[in-house]
2 protein chains.
Amino acid sequence: MLKLTKKADYGLMALKYLAERPETVALSAKDIADAYGIPAQLLAKILQQLTRAGLLRSHAGMNGGYALSREAREISAYEVIHAIDGPFFITSCTKGAKGCELTPSCTIKEPLARVNDTIAGVLKSISIQDLAEHEHPHGRGHEVNALVSLTL
Amino acid sequence: MLKLTKKADYGLMALKYLAERPETVALSAKDIADAYGIPAQLLAKILQQLTRAGLLRSHAGMNGGYALSREAREISAYEVIHAIDGPFFITSCTKGAKGCELTPSCTIKEPLARVNDTIAGVLKSISIQDLAEHEHPHGRGHEVNALVSLTL
DNA sequence: TCAGTATACGACCAATTATGTCGGCGTTTC
DNA sequence: GAAACGCCGACATAATTGGTCGTATACTGA
Ligand code: FES
Ligand code: FES
């Protein structure tokens, strides 16, 4: 039903949290989990996935934890979602490689692929920074305007 | 993971099928299901939902079935999805009415609501007609261009 | 070098949701 | 009145997600 998984949600929250604290060297999974009241072990796994995807740098040992591997501005929501939930297709036939069983019958797939790309584009145009900035509504000077064109 | 349900997919396929046959008075659920090789009873339920939502007109009895209740051009993909899967929220907290348990902690909800609206806008800008037309690539004269603006 | 704190990873279970089926009932047409 | 159809709710099953556990490994500092 076109919904983000909780994992992706958690991942975005965590990254936003990190983006809001650029001064800190690293934050442990537990720190972040506690801040939001989400299961620590689950978040740990998510952060590990993001690390593997190259969005975070991790450091074990005391005072270890995670830190953004790039500028918050350079990390898109799309990358986060992709890293956590894998490549997404709006279409139900996620067979990825070579289409699904009903490929000949389902004539709706192709137009929806355009929609898929459009949504991906929207997500790509949003950075963690955008999410973090939104936190401070007093500033309000900075507005992001993403323009997306969809051609069927 | 931001994916359409099969029901919604089936629903869109069925409507497209109807849109491609404007001359026919009505098509039974079974006819359409057979055409695409999808479970007839399941499709029947979906079509019933679409009828309740006012997108289709139904007619019982012999030679009964379903027909579009409006011009294909006037039915958006959004309406179809909404009718089948209920109101959609990108955010995982679908508690609808009054937010979720973590509302104070989850600071990401609001910016994502914008994204949600953007996607809804894209879906609203696509009509069943658009899907049906795409079938005939020889015509190719008619292109739809939806422009969506996202402001965070 | 040892205790403490942290990530890494895979297996596993639990909860939820999506998908599909069944049976009975109401309606329309022939 | 019987065949062909829609209508509805309750179920059963399958798939996905969400979350836990156990253990191994890495780093730090005293
Ligand atoms: S459902 Fe598989 S091609 Fe559309
Ligand atoms: S998870 Fe509920 S408000 Fe974001």
Side-chain angles (χ1 to χ4, degrees), chain A residues 1-11 13-14 24-34 36-53 55-67 69 81 84-86 88-89 91-95 100-102, chain B residues 1-11 14 18 24-34 36-53 55-67 69 81 84-86 88-89 91-95 100-102:
Chain A
M1 197 259 274
L2 218 54
K3 164 166 49 171
L4 241 54
T5 60
K6 266 192 184 160
K7 286 190 194 174
D9 207 355
Y10 292 162
M13 295 205 276
T24 62
V25 185
L27 285 166
S28 76
K30 187 169 182 313
D31 288 342
I32 304 175
D34 287 353
Y36 289 116
I38 60 185
Q41 297 196 93
L42 180 54
L43 182 63
K45 262 205 315 199
I46 295 167
L47 296 179
Q48 284 159 27
Q49 287 186 270
L50 294 173
T51 304
R52 262 172 291 180
L55 303 182
L56 292 177
R57 274 177 301 106
S58 68
H59 191 205
M62 283 183 68
N63 293 104
Y66 298 89
S69 75
I81 295 168
I84 293 172
D85 287 335
F88 73 70
F89 300 106
T91 49
S92 15
C93 32
T94 34
K95 307 291 174 190
C100 91
E101 340 79 46
L102 325 166
Chain B
M1 197 258 275
L2 220 52
K3 165 167 50 171
L4 240 53
T5 61
K6 267 191 183 163
K7 286 190 196 176
D9 207 356
Y10 293 163
L18 287 169
T24 63
V25 184
L27 285 166
S28 77
K30 188 169 181 310
D31 287 342
I32 303 175
D34 287 353
Y36 289 116
I38 61 185
Q41 297 195 91
L42 180 54
L43 181 63
K45 263 206 313 203
I46 295 168
L47 295 179
Q48 283 159 30
Q49 287 187 271
L50 294 173
T51 304
R52 262 172 290 181
L55 303 182
L56 291 177
R57 275 179 299 107
S58 67
H59 191 208
M62 282 186 70
N63 292 104
Y66 298 89
S69 75
I81 296 168
I84 294 172
D85 287 334
F88 73 69
F89 299 107
T91 49
S92 16
C93 31
T94 35
K95 304 294 173 190
C100 92
E101 339 79 47
L102 324 166

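In this text, all values refer to a predicted model and were calculated from it rather than measured experimentally. Each chain gets a letter, A, B and so on, in the order the sequences are listed, and its residues count up from 1.
The closest side-chain heavy-atom distance from Asn63(A) to Val25(A) is not below 4.5 Å.
One atom, CG of Asp9(B), and another, C1' of dG20(C), lie 16 Å apart when rounded to the nearest Å. Distance CD1 (Ile38(B)) to P (dG20(C)): 9 Å, rounded to an integer number of Å. Computed from coordinates, the Leu43(B) CG to dA18(C) C1' distance equals 16 Å when rounded to whole Å. Between Leu42(A) atom CG and dC13(C) atom P the separation is 18 Å, expressed in whole Å. Regarding Leu56(A), its CG atom lies at a distance of 14 Å from the C1' atom of dA8(C), rounded to whole Å. If you measure from atom CG of Asp85(A) to atom P of dG18(D), you get 8 Å, rounded to the nearest angstrom. Here the P atom of nucleotide dA11(C) and the CD atom of Gln41(A) are 17 Å apart, to the nearest Å. Ile46(A) places its CD1 atom 15 Å from the P atom of dC9(C), with the value rounded to the nearest Å.
Minimum atom distance to the side chain of Lys45(B) is reached by dT21(C), of the listed dT20(D), dT17(D), dT21(C).
Side-chain nitrogen and oxygen atoms of Arg57(A) include none within less than 4.0 Å of the OP1 or OP2 phosphate oxygen of dT7(C). OP1 or OP2 of dG19(D) lies within a sub-4.0 Å distance of a side-chain N or O belonging to Tyr10(A).
Taking all atoms of both residues into account, the shortest heavy-atom contact from Tyr66(B) to Gln48(B) is OH-CG, 3.6 Å.
How far CG of Asp34(A) is from CG of Leu27(A): 11.5 Å, rounded to the nearest 0.5 Å. Note that CD1 of Ile81(A) is 8.0 Å distant from OG1 of Thr5(A), once rounded to the nearest 0.5 Å. We find the NZ-CG distance between Lys30(B) and Leu43(B) to be 11.5 Å, quoted to the nearest 0.5 Å.
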Quick test: give all pairs of protein nitrogen or oxygen and nucleotides 5-7 of chain D nitrogen or oxygen below 3.5 Å, distance rounded to 0.1 Å.
unit_1 : atom_1 : unit_2   : atom_2 : d
dG6(D) : OP1    : Ala29(B) : N      : 3.0
dG6(D) : O3'    : Ser58(B) : OG     : 3.4
dC7(D) : OP1    : Ser58(B) : OG     : 2.6
dC7(D) : OP2    : Tyr66(B) : OH     : 2.9

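The backbone N or O of Arg57(B) sits nowhere less than 3.5 Å from a side-chain atom of Thr51(B) that would complete a donor-acceptor pair.
With Ile32(A) as reference, Leu47(A) is the one residue of Leu47(A), Ile46(A), Ile38(A) to meet the side-chain contact (heavy atoms from CB on, under 4.5 Å) rule.
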